[in-house]
Each structure stands twice: as C-alpha cells, then as structure tokens.
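Below are the structure tokens for one structure; questions will follow.
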Amino acid sequence: MSFDMYFDEHRESIHSHEEFIFSLTLSVPDAYPVLNSVWSRFYSSFILPPDHANALVHKLLLLLREHGSSNKELARLVLRLVQFFSSAWCERWYLRSDRKSKSYAWLFIIN
C-alpha cells in the first residue's frame, strides 16, 4: 500500500515500508500534531490547505533533526516530502485526498 500524492506534474508517495515515519511521530504526539493528523486521515478523504503543507515542511525538518542523524532511510524520505510540500506551499495549492480503495489513498492538489 502506498499513499500517492499529486499536483500538476508533481508526484510523491509514502510507500508501505516508509510508514515507519508515523511511528516516530505518534510516540510524541504533542510534538508532531500536523504529521499525526495526516496519519489519522491516511485512508480517508480530506483537504489540506497550503498553510498545513508549510507546517508539514517544518515538522518534517524537526523530525529529521531529532531522528535522522543515524537513519538514512528517514533522511531520504523527509527530504523527498519536504520538497513536495514546499512546492505545494510556494504555489499555494490545496491538497485533497480521495479514498479510491482499501489499498490506496490518492492525494490531489486543487488550486
């Protein structure tokens, strides 16, 4: 299962083997509320405004600082996601997810 995200010509995914990122954030829920809100709606429909994309960028960087020095897989994942969410913020795109099946959550961006 993967969490696929799209806008315009851009695409990014959180693959099933990368879902470990949420175990890190859920262990300290008060530190990562925006990331945990994505996890809580991982397989449902929701809209994510540009401001939340920006907040995700900052929380992902915090997560990288706190856990990434010895975890190269986390570092690669965070850097990929930061680029994607930063682009959404800069372009002022809204992210919208639609539940397509039990296996996939598709994330589209509407402007």
Side-chain angles (χ1 to χ4, degrees):
M1 297 188 292
S2 67
F3 190 58
D4 297 315
M5 302 171 279
Y6 303 89
F7 74 90
D8 201 22
E9 297 293 320
H10 304 281
R11 178 177 186 243
E12 192 53 74
S13 298
I14 300 174
H15 301 283
S16 57
H17 69 278
E18 297 171 324
E19 290 179 22
F20 72 89
I21 191 171
F22 296 111
S23 65
L24 297 172
T25 65
L26 291 169
S27 67
V28 190
D30 293 338
Y32 305 104
V34 178
L35 284 164
N36 291 333
S37 73
V38 170
W39 173 249
S40 69
R41 298 177 289 179
F42 202 67
Y43 295 109
S44 62
S45 298
F46 66 93
I47 293 176
L48 187 72
D51 292 341
H52 285 155
N54 187 41
L56 282 167
V57 167
H58 295 285
K59 288 301 181 177
L60 285 165
L61 291 173
L62 176 64
L63 184 70
L64 180 61
R65 186 182 77 201
E66 293 178 353
H67 299 281
S69 61
S70 61
N71 189 334
K72 291 182 183 180
E73 188 176 358
L74 175 65
R76 284 190 292 271
L77 173 60
V78 166
L79 292 176
R80 282 192 357 246
L81 294 175
V82 162
Q83 289 175 341
F84 180 80
F85 289 118
S86 178
S87 294
W89 160 250
C90 289
E91 298 296 324
R92 306 300 296 164
W93 288 93
Y94 281 78
L95 294 84
R96 180 177 56 88
S97 73
D98 290 319
R99 184 177 178 151
K100 295 293 184 185
S101 73
K102 291 181 180 177
S103 300
Y104 293 94
W106 303 92
L107 188 64
F108 301 93
I109 298 185
I110 54 176
N111 193 347

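Starting from 1, each residue takes its place in the sequence as its number.
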Inset, instruction - Measure the CG-CZ distance between L35 and F22 for me, rounded to the nearest 0.5 Å. - result: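 L35 atom CG to F22 atom CZ measures 7.0 Å (nearest 0.5 Å).
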Inset, instruction - Could you tell me the separation between the NE2 atom of H67 and the OG atom of S27, rounded to the nearest 0.5 Å? - result: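 Reported to 0.5 Å precision, the distance equals 5.5 Å.
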Inset, instruction - Please test R92 against D51 for side chain to side chain contact (heavy atoms under 4.5 Å, CB included), starting from the C-alpha separation and ending with a verdict. - result: CA-CA 8 Å; R92 306 300 296 164; D51 292 341; 3.6 Å; yes
Legend entry - Validation row: L56, L81 side chains within 4.5 angstrom (heavy atoms):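 The answer is no; the side chains never approach within 4.5 Å.
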Legend entry - From E66 atom CD to T25 atom OG1, the distance as rounded to the nearest 0.5 Å: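 Nearest 0.5 Å value for the CD-OG1 distance: 11.5 Å.
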Inset, instruction - Mind checking the CZ-CG spacing from F85 to N54? Nearest 0.5 Å is all I need. - result: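 It is 11.5 Å, given to the nearest 0.5 Å.
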Inset, instruction - State the CZ-CG distance between F84 and L60, to the nearest 0.5 angstrom. - result: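 Rounded to the nearest 0.5 Å, the CZ-CG separation comes out at 12.0 Å.
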Inset, instruction - For Q83, check side-chain contact (heavy atoms from CB on, under 4.5 Å) against everything at least two apart and list the hits. - result: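 Partners of Q83 by the side-chain contact (heavy atoms from CB on, under 4.5 Å) criterion come out as none, since no residue qualifies.
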Legend entry - L62 side chain near Y32 side chain, heavy-atom distance below 4.5 Å: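 SC-SC contact between L62 and Y32 confirmed.
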Inset, instruction - Would you name the heavy atoms of A55 and V34 that are closest together and state the gap between them? - result: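 A55 and V34 have their closest heavy atoms at CB-CG2, 4.0 Å.
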Legend entry - Donor-acceptor contact below 3.5 Å, side chain R80 vs main chain I14: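 Side chain of R80 to backbone of I14: no pair is present.
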Legend entry - Atom pair CG (L63) and CD1 (I21), whose distance is rounded to the nearest 0.5 Å: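 Going from CG on L63 over to CD1 on I21, the span is 5.0 Å.
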Legend entry - Within-4.5 Å side-chain heavy-atom neighbours: W39 and E19: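 In contact.
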Inset, instruction - Go through the structure and list residues passing side-chain contact (heavy atoms from CB on, under 4.5 Å) with L64, not counting sequence neighbours. - result: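 L64: side-chain contact (heavy atoms from CB on, under 4.5 Å) contacts with A75, V78, L79.
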Inset, instruction - Answer yes or no: is there a side-chain heavy-atom contact under 4.5 Å between P50 and W93? - result: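 Counting from C-beta outward, P50 and W93 never come under 4.5 Å.
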